[in-house]
Colleague: 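Below is the structure I would like to discuss, written out as structure tokens.
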Amino acid sequence: MVAVVAMTQRKIPVMIPLLGEEEALAAADAVRSGWVAQGPRVARFEQEFAATVGAAHGVAVSSCTTGLHLALVVLGIGPGDEVIVPSLSFIATANAVRYVGATPVFADVDLATGNLTVETVDTVRTPRTRAVIAVHQGGVPFDVAALRKAADGWGVGLVEDAACAAGSTAYGQPAGTGAAIAAWSFHPRKLITTGEGGMITLDDADRAVRLRRLREHGMNVSAADRHASAQPVLEAYLETAYNYRMTDIQAAVGLVQLGRLAGLVEQRRALAARYQELLADLDGLVPVRDPAYGQTNYQSFWVLINPEFGATRDEALAVLAERGVSARRGIMAAHLEPAYADVAPGPLPVTERLTRDSLILPLHHALTADDQDYIVGILRDLARR
Ligand SMILES: *Cc1c(COP(=O)(O)O)cnc(C)c1O
């Protein structure tokens, strides 16, 4: 009799957040404490996160998107102003510009890093340019020394979209160190998560005070401080603002996650190095790498498909999906989306190449060497076609 072997299809997700019993207990502690809105855990998370990325102040917010919005508000950006952004980014980068009534202007990116450069920004700069939002794309740091210096010289603000960059480094320091203002994400697709959530980091104390007010209805004293005071505190509302607060339940999870960051980066970098080795002889595939000036946390491990590869990006995605591998298209390009159909950007050839011809391979703490061999085996079959 022939034994029937049940071939269970392998399922490899592109990303899994690392959430353990410690996070569950921390969240439960916050709930049991009775204080679930923004409070002492948020304050601690702000301090510890800011210290981790080398910033003087951290202001927790509800997401990176709301953080980017507030960053533009404190820079005084508004209608009539232009803000240069990469089209090659998650759409929130461009959307934040529209939230303040300003005009997003798309600049092209560097093929190797997927990031803005001094040259690509300078190409689309006009007298109305007031700020640049540069993204550490997929965790790959942009050249912070070059872009900060150029932005200063042009007299424009530089906001760092560090959504994906927790644990990345540039010039030997954590991404975010020395940033005029940076915004971070704790969405589960990033290295550390609070479910939803974000952080703004900066060194300027006055701006930090205003940001705390802007995230909490424009109040001159936080609800937590009012509660802690023995005396009645009559708050004032100094400007029209927002409710962009993080909860203490989220911050409790974030504090535990922060303790995992260094280990996660180390593990991701080891897995990425193994992918790079296994793929080294495939001329048609170019894996993302560290730039000369820094190290990526490999939040996204993308490969660029060259014409000599045996399949197009979409064919590769389809074959991977058939075999249970959840890869993803490369980073999106905002200017190709219906929401930005009314924008007529200049030429963005590298952006269009990267978004059309790259794909993101699974990379997470639970990925095994065997999973990697399986994924690379599929890519090798495709290359031989
Ligand atoms: C994920 C992401 C965002 C949005 O982060 P949220 O916390 O989900 O708002 C913004 N910019 C970039 C580059 C991102 O990858």
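Ligands are counted one by one from 1 in listed order, and the atoms in each one are counted from 1 as well.
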Colleague: Counting only heavy atoms, which portion of D161 has something under 4.0 Å from ligand 1: side chain, backbone, both, or neither?
Modeller: side chain

Colleague: I'd like to know if R356 pairs up with D314 as an ion pair, taking the criterion as any Lys NZ or Arg NE/NH1/NH2 lying under 4.0 Å from an Asp or Glu carboxylate oxygen.
Modeller: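 Answer for the salt bridge query: no.
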
Colleague: Please list the nearest protein heavy atom to atom 9 (O) of ligand 1 with its residue and the distance rounded to 0.1 Å.
Modeller: T65 OG1, 2.5 Å

Colleague: Testing I375, L285, V286 one by one against L279 for a side chain to side chain contact (heavy atoms under 4.5 Å, CB included), which residue passes?
Modeller: L285

Colleague: Is atom CZ of R44 surrounded by more than 12 heavy atoms (other residues, nucleotides or ligands) closer than 6.0 Å?
Modeller: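 It does not: R44 CZ has 12 such atoms or fewer within range.
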
Colleague: Measuring from atom 7 (O) of ligand 1, which candidate in G138, A165, S62, S185 has the nearest non-hydrogen atom?
Modeller: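 Among G138, A165, S62, S185, the closest heavy atom to atom 7 (O) of ligand 1 belongs to S185.
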
Colleague: Check each atom of ligand 1 against the heavy atoms of G197 and keep those under 4.0 Å away; list them by number with element.
Modeller: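 Going through ligand 1 atom by atom, the ones under 4.0 Å from G197 are 7 (O).
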
Colleague: Can you list the ligand 1 atoms lying under 4.0 Å from a non-hydrogen atom of V135?
Modeller: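 Checking each atom against V135, I get 13 (C).
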
Colleague: Quick one: do D381 and R323 make a salt bridge, cutoff under 4.0 Å?
Modeller: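 Looking at R323 together with D381, the answer is yes, because their closest N to O distance falls below 4.0 Å.
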
Colleague: If the threshold is 4.0 Å, N to carboxylate O, is there a salt bridge linking E308 and R385?
Modeller: no

Colleague: Distance under 4.0 Å to a non-hydrogen atom of T93: what atoms of ligand 1 satisfy this?
Modeller: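 Answer, ordered by atom number: 11 (N).
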
Colleague: Any idea which atoms of ligand 1 are less than 4.0 Å away from a heavy-atom of C164?
Modeller: 15 (O)

Colleague: Run the salt-bridge test on E239 and R213 with the 4.0 Å N-O cut-off and return the result as yes or no.
Modeller: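 Yes.
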
Colleague: Using a 4.0 Å heavy-atom threshold (strictly under), name the region of R189 that reaches ligand 1: side chain, backbone, both or neither.
Modeller: neither

Colleague: Which residue supplies the protein heavy atom nearest to atom 1 (C) of ligand 1, what is that atom called, and how far is it?
Modeller: K190 NZ, 1.7 Å

Colleague: Using a strict threshold of under 4.0 Å (side-chain N to carboxylate O), is an ion pair present between D29 and R32?
Modeller: yes

Colleague: Can you tell which part of C64 has a heavy atom less than 4.0 Å from ligand 1: side chain, backbone, both or neither?
Modeller: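 Both of them.
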
Colleague: Is S89 near ligand 1, meaning one of its heavy atoms is under 4.0 Å from it?
Modeller: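 The answer is yes, since S89 has a heavy atom less than 4.0 Å from ligand 1.
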
Colleague: Got a salt bridge between R353 and D110, using NZ or NE/NH1/NH2 to carboxylate O under 4.0 Å?
Modeller: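 Result for this pair is no, no salt bridge flagged.
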
